[in-house]
Asker: 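Dumping the structure here so I can ask a few things about it.
Convention: sequence-line order gives letters A, B, ...; per-chain numbering from 1. Small disclaimer: the values here were computed from a predicted structure and weren't measured.
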There are 2 protein chains.
Amino acid sequence: MTPLQITVDVVTVIFSVDTEAQRLLVLLCMDEPARLPGMPLSGELTLAEQAYQVLATKVQVEHLYLEQLYTFGGPGRDARESPTHRCLCVAYFALVQYQETVLLPGPEPVQWVPFAELPPLAGDHAEIVRYGYQRLRNKLEYSPIAFQVLPELFTLGELYQLYTTILGDNFSDYSNFRARLLKLGFLQDTGQKVCRGAGRPASLYRFDRQAFLPYKDKPMVFI
Amino acid sequence: MTPLQITVDVVTVIFSVDTEAQRLLVLLCMDEPARLPGMPLSGELTLAEQAYQVLATKVQVEHLYLEQLYTFGGPGRDARESPTHRCLCVAYFALVQYQETVLLPGPEPVQWVPFAELPPLAGDHAEIVRYGYQRLRNKLEYSPIAFQVLPELFTLGELYQLYTTILGDNFSDYSNFRARLLKLGFLQDTGQKVCRGAGRPASLYRFDRQAFLPYKDKPMVFI
DNA sequence: GGGATTTTTGGTTAAGATTACTATAATTTA
DNA sequence: TAAATTATAGTAATCTTAACCAAAAATCCC
């Protein structure tokens with residue numbers, strides 16, 4: 001019996017939100033066919049560090065959220081496989097701040113692609129992206145990842161736009177969204193006012209992590 | 001550069017609920033130290049099939065729920081590791097029906113251990129069990145896994161006991177639990193009455209999968 | 001046998017949350 | 001300067017939740 005040879009790829013589904021254009025974006029390597037950024041597992045890093053490495057070789061960004069998504073591994077999912085060689089794929093999920101993200105040059109150029117207009121993807125990468133999108137929606141509803149990728153100070157309108165771009169605008173109207181979020185008590189009004197385009201100036205808010213902590217493990221719904 | 005050799009173990013955290021004794025149980029291999037059932041990845045099966053295989057070599061059971069839990073893989077998590085050898089662990093989560101489960105004899109005997117009285121576990125298996133317990137609580141609250149491990153016909157009291165044993169009895173009182181579950185509309189009253197010990201006879205209910213399906217992707221809370 | 005106990009069942013009520021909607025304030029745009 | 005735009009505040013009807021209460025129908029146990 002020949003021992004089974006195993007390859008493990010770490011790929012990262014990187015989302016970001018262009019609130020201006022109201023678009024959810026996915027970072028893709030524009031090969032033919034397009035694929036998710038990834039690299040084979042190396043020896044010294046944890047899986048999470050590796051997933052971050054994948055991200056960091058493609059983009060420069062300070063504010064992000066990263067977590068493990070799922071491990072894909074049916075036999076036959078990769079062309080390199082054979083009876084003695086198995087390929088697994090540990091997928092990670094990332095959300096990065098769009099405005100500050102810089103795409104890095106490299107041998108395989110990456111590009112933001114609107115989630116609504118995904119091209120055909122290599123192997124099972126389309127499935128991985130769909131899985132990541134579900135995770136994104138769920139996380140948004142019951143965890144504060146939005147504040148991870150918003151600037152330190154933001155308006156409630158900007159927060160609402162982030163939510164509508166990802167969830168669609170039928171999850172709540174703006175007025176009720178505002179009331180609910182403010183009631184939760186972890187948004188700190190700085191008192192500063194800004195004008196973003198037309199309309200009455202808005203208050204700048206800050207996410208108060210201290211005030212949020214009591215919500216750990218308690219039911220907490222944003223939408 | 002020597003190629004990295006990778007071993008992948010598939011382990012399964014198997015929970016069940018002894019409603020009589022009001023105890024949540026975990027299946028452990030009673031080695032020294034105790035550990036979760038698992039086996040190295042082989043060539044022909046999907047990860048899920050492999051996880052089921054792990055389960056099926058230890059217990060005989062018809063009704064169960066199985067899903068992927070998490071992939072653990074920091075370097076240094078396993079004694080077999082070296083600079084050229086990396087061990088990953090793809091963990092699965094299972095919930096099985098206690099009453100019908102038969103522990104199978106084998107070289108490494110398994111045993112139900114109360115979750116409240118876990119012995120020291122090998123490697124990072126304690127972390128994996130804790131992770132599984134969190135998943136169990138979450139799943140119970142917003143998915144119908146309870147019906148997967150309840151007999152075809154069950155009383156609302158039995159359903160409530162399953163919930164209290166896992167979540168503690170401070171999540172809802174019986175009366176409100178009943179009302180909420182019945183309102184959801186996917187519990188079919190068969191009209192049959194049974195007496196379980198003392199007390200007024202209870203109606204036997206059936207989980208109506210058809211009536212449940214509309215809840216897919218919709219918020220749905222049981223507690 | 002018969003009262004105590006246990007469990008199921010079916011409520012009620014007050015408080016809180018949600019939804020849809022309205023109105024007003026303060027800015028930019030035309 | 002009027003119109004449009006966005007932020008903010010609030011209301012009222014409806015629905016949900018939490019904490020109870022009480023009767024019904026069985027077993028338990030003396």
Asker: Does a donor on one side chain and an acceptor on the other come within less than 3.5 Å for B/E100 and B/H63?
Answerer: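 On atom types as modelled, these side chains qualify, holding a pair under 3.5 Å.
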
Asker: Would you check if the side chain of A/Y70 reaches a backbone N or O of A/V90 as a donor-acceptor pair within less than 3.5 Å?
Answerer: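 A pair under 3.5 Å: no.
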
Asker: Where along residues 148-161 of chain A does a heavy atom fall under 4.0 Å from DNA chain D?
Answerer: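 Residues of residues 148-161 of chain A that come under 4.0 Å of DNA chain D are, in numerical order, A/G157.
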
Asker: Can you build the contact string for nucleotides 20-30 of chain D? Use B for base contact, S for sugar-phosphate-only contact, and - for no protein heavy atom under 4.0 Å.
Answerer: BB--BBBS---

Asker: May I have the distance from A/F171 (atom CZ) to C/dT19 (atom P), rounded to whole angstrom?
Answerer: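 The answer, rounded to whole Å, is 11 Å.
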
Asker: Would you say B/R178 reaches C/dT9's phosphate, i.e. side-chain N/O to OP1/OP2 under 4.0 Å?
Answerer: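 So the side chain of B/R178 is within the cut-off, an N or O lying under 4.0 Å from OP1 or OP2 of C/dT9.
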
Asker: We want to know whether A/Y65 and A/E67 form a side-chain donor-acceptor pair, criterion being a heavy-atom distance below 3.5 angstrom.
Answerer: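 Short answer, yes.
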
Asker: Could you tell me the separation between the CG atom of A/L182 and the C1' atom of D/dA7, rounded to a whole number of Å?
Answerer: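 Those two atoms, CG and C1', are 12 Å apart.
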
Asker: Going by atom types alone, do A/Y131 and A/R135 pair a side-chain donor with an acceptor below 3.5 Å?
Answerer: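 Looking only at side-chain atoms, A/R135 and A/Y131 do not form any donor-acceptor pair under 3.5 Å.
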
Asker: Grab the CG-C1' distance between A/L181 and C/dA17 for me, whole Å please.
Answerer: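 Atom-to-atom, A/L181 to C/dA17, this comes out as 15 Å.
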
Asker: Below 4.0 angstrom from OP1 or OP2 of D/dA7, is there any side-chain N or O of A/Y174?
Answerer: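 Indeed, a polar side-chain atom of A/Y174 lies that close.
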
Asker: Measure from CG on A/L204 to C1' on D/dA7 and round the result to the nearest Å.
Answerer: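 Answer to the nearest Å: 13 Å.
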
Asker: Within the side chain of A/T190, is there an N or O that forms a donor-acceptor pair under 3.5 Å with the backbone of A/L204?
Answerer: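 Yes, the answer is positive, given that a donor and an acceptor are paired below the 3.5 Å cut-off.
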
Asker: Under 4.0 Å from OP1 or OP2 of C/dT18: is there any side-chain N or O of A/K183 that close?
Answerer: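 The answer is no; no side-chain N or O of A/K183 sits under 4.0 Å from OP1 or OP2.
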
Asker: I want to verify a distance call: between D/dT16, C/dT19, D/dT8, whose nearest atom is closest to the A/R180 side chain?
Answerer: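 Shortest atom-to-atom distance from the side chain points to C/dT19.
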
Asker: Ring centres of A/F171 and A/Y160 under 6.0 Å apart?
Answerer: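 Here the rings of A/Y160 and A/F171 have centres that are less than 6.0 Å from each other.
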
Asker: Within the side chain of A/H125, is there an N or O that forms a donor-acceptor pair under 3.5 Å with the backbone of A/L36?
Answerer: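 It does hold such a pair.
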
Asker: Is any side-chain N or O of A/K193 closer than 4.0 Å to OP1 or OP2 of C/dA26?
Answerer: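 For C/dA26, OP1/OP2 do not have a side-chain N/O of A/K193 under 4.0 Å.
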
Asker: Compute the ring centroids of A/F147 and A/F212, then answer whether they are less than 6.0 Å apart.
Answerer: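 When the ring centroids of A/F147 and A/F212 are compared, they turn out to be at least 6.0 Å apart.
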
Asker: When the ring centroid of B/F154 is compared with that of B/Y205, is the distance short of 6.0 Å?
Answerer: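 Aromatic pair excluded; centres sit 6.0 Å or further apart.
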
Asker: Rounded to whole Å, please give me the gap between CZ in B/R196 and P in C/dT5.
Answerer: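 Going from B/R196 (CZ) to C/dT5 (P), I get 25 Å.
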
